[in-house]
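The structure under discussion appears below in the form of structure tokens.
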Number of protein chains: 2
Amino acid sequence: MNLRDLRYLLAVAEHGHFGRAAEACGVSQPTLSVQIRRLEDQLGVALFERSSKSVSPTPACDRLLGHVRAAVAETDAILAAARDLRDPLAGRFRLGIIPTLAPYLLPLVFAPLHEALPALEIEPWEDQTGALLERLRAHELDAALLATEVEGPDLASMVLFSEPFLAGLPPEHPLATRPVVAEEDLAGDILVLADGHCLRDQALAACGRSGALGGSLRAASLSTLLNMVAAGYGTTLIPGLAAGVAEDSGIVLRPLAARAGRQVRIAWRSRFPRRAAVEAVGAVIASRLRGFSEAAARGSWS
Amino acid sequence: MNLRDLRYLLAVAEHGHFGRAAEACGVSQPTLSVQIRRLEDQLGVALFERSSKSVSPTPACDRLLGHVRAAVAETDAILAAARDLRDPLAGRFRLGIIPTLAPYLLPLVFAPLHEALPALEIEPWEDQTGALLERLRAHELDAALLATEVEGPDLASMVLFSEPFLAGLPPEHPLATRPVVAEEDLAGDILVLADGHCLRDQALAACGRSGALGGSLRAASLSTLLNMVAAGYGTTLIPGLAAGVAEDSGIVLRPLAARAGRQVRIAWRSRFPRRAAVEAVGAVIASRLRGFSEAAARGSWS
DNA sequence: AGGTTTCATAGATACAGTCTATCGCCAATG
DNA sequence: CATTGGCGATAGACTGTATCTATGAAACCT
């Protein structure tokens, strides 16, 4: 049985006339005669009572017409829904974001994203890199914003912008008097985030250390870390986007001598069909952050 | 778009695997690959994200699946309903019956019809010949039981049984003393039904009259007529099947010398597709009434 | 590294849908 | 009563498409 035949059936039932029904369907009259006959054979039911003056549905046909109309309506609904979904820049877009980025990046890009891609319903999902990659591979995320490279042939990524680190110092710290701070000078009393945060490893690597301070601090969030530094418990490396918040908490910020930093990327499954959406989201973010890395590195982060 | 493709889509969505879905559909794997791809092209929407390890529906596909399932379910419903309707001896059967036949024939044949054709839901429709033919031609009846021949190439009919007339007399009527009554002897004081009843014309014709008594009586039903005769207002011709009821009302019945009577037929549109149902109904009625005409003509009508 | 699994592609084939042309039937008409 | 027109059915040719087998490409596992 074919959907086309069902439409033919509806047309004949509606017009009560093979010729006019054929015209309405855009086919020839014999086509309808043959197809309706075939349909009757397949169903084992006479659908129309033909005479030279009228073509009227049999009672059996009347009983079937409801289902036929419903089936045709559903397929029309499929086509209509597909039309709505056709735009890859529309619909839900689940975007993972790491915790050291989300609170500072999202306020910057949310409005531009909504403006540039009004049909895209972006659902941010905040978690650490490992968890995000897991969800990405499990099709539970459409893309993720990370500060690390991704591995494996099933994933792909693209750099959106570079985010320099800044030295974060308590106001009374000796280094706070210098205009520029060398990364390795921070190694002595640097505070870092808890395990799992990519920023932890990157900060330690930048200042030449392989391990953290002896388990004394397990800051779960950058916000906690900033408060600890502001209270004089040590120094830290602060991602450029968090500069404003860091200053507000009373921390002194200084550019770094070696320009340590990280690259923020958008990652997706290499087979993800809505590549266009990923690229559009990436483009909006990159555009919003254009020139940011240079400005941040110069220290003009306000 | 094709229903087959929709079934393929459901299979792939269900199995998450082209090979197994193909097996379930009874086609080869390349067939599914090609058809799903074509469907994606037609809808303009990516339906599955393929990799060598998994085939998972896209969010767009998830949204469409509901409609797809509904469409396929409706077509299955069409097939199922057609299976039920396939038997021409099943379903509604609208049967017209003339008023001088219905009250006496229906009680006789209703049970045998139901027994012989349990799936046939017979809906009797009582009206005069002209109205029945009109409804028959308008497809509002499937067949009709009449006592006249039908005219025109669009209708056909078949005699089911012969129904003799009997003389119906008041007990005190002079003719009541005779064992057999001649039709023409009734002409003097015969009472007949109102216009439109075929029995009216047939009774008048049988006793050799062309018009009725001077408009004095317009009996709308045989029952009224019987009561009038029983009350001594005149004589009448009574169809054999009504003999029992007539006797119960106190009328004297006598066989007719010339064996006047009428033939009861079943009529249908010559193009009516459920000829088998018509013939089955006719056969049951004819079988139930077999031998009736002879018995009635002999006067053994009890 | 080699074999296995899985989906995609290519080319051949068979079937099904459609067309034009024509027939047969019926009805209306001169 | 013969003719004409309208309508659906049928025949035969053609075209497009769904399907098959065979093979390719990529990823995964041993």
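Convention: sequence-line order gives letters A, B, ...; per-chain numbering from 1.
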Review point. Is Phe48(A) touching bases, backbone alone, or none of the nucleic acid, heavy atoms closer than 4.0 Å?
Key: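 No contact.
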
Protein-nucleotide distance ([X], atom [atom1]; [N], atom [atom2]), rounded to Å:
X	N	atom1	atom2	answer
Leu39(A)	dT18(C)	CG	P	12 Å
Gln42(A)	dA16(C)	CD	C1'	11 Å
Leu47(B)	dA8(C)	CG	P	12 Å
Tyr8(A)	dG8(D)	OH	C1'	17 Å
Leu3(B)	dG17(C)	CG	P	13 Å
Asn2(A)	dA18(D)	CG	P	10 Å
Glu23(A)	dG6(D)	CD	P	14 Å
Asp41(A)	dA9(D)	CG	P	12 Å

Exercise for review: From the options dT19(D), dC7(D), dA18(D), select the nucleotide whose nearest atom is closest to the side chain of Arg20(A).
Suggested key: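 The closest nucleotide is dC7(D).
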
Check your understanding: Phe18(B) side chain: which of dA8(C), dT6(C), dG17(C) is closest?
Key ->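 The answer is dA8(C), which lies nearest to the side chain.
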
Looking only at side-chain N and O atoms, does [Y] offer a donor or acceptor that is under 3.5 Å from a partner on [X]?
X	Y	result
Ser270(B)	Arg275(B)	no
Gln29(B)	Ser33(B)	yes
Ser56(A)	Arg269(B)	no

Salt bridge check: are [X] and [Y] linked by an N-O gap of less than 4.0 Å?
X	Y	result
Glu40(A)	Arg86(B)	no
Asp201(A)	Arg262(A)	no
Glu121(B)	Arg92(B)	no

Review point. If you pin Arg4(B) and Val55(A) to their nearest nucleotides in DNA chain D, which one's is more 5'?
Key: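 Comparing both residues, the 5'-ward one is Val55(A).
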
Exercise for review: Map Asp154(B) and Asp5(A) onto DNA chain C by nearest heavy atom, then report which one ends up closer to the 5' terminus.
Suggested key: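 The answer here is Asp5(A).
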
Check your understanding: Would you say a side-chain N or O of Arg38(B) is under 4.0 Å from OP1 or OP2 of dT17(D)?
Key ->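 No, because none of the side-chain N or O atoms of Arg38(B) sits under 4.0 Å from OP1 or OP2 of dT17(D).
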
Review point. Side-chain N or O of Arg50(B) less than 4.0 angstrom from OP1 or OP2 on dA8(C)?
Key: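 It does, given that an N or O in the side chain of Arg50(B) lies less than 4.0 Å from OP1 or OP2 of dA8(C).
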
Exercise for review: Using a cut-off of strictly less than 4.0 Å between a heavy atom of the residue and any atom of DNA chain D, enumerate the qualifying residues of residues 29-37 of chain A by number.
Suggested key: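 Those residues are Gln29(A), Pro30(A), Ser33(A), Arg37(A).
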
Exercise for review: Would you mind telling me which of Val109(B), Leu117(B), Leu89(B) makes a side chain to side chain contact (heavy atoms under 4.5 Å, CB included) with Val281(B)?
Suggested key: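 Only one option passes, and that is Leu117(B).
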
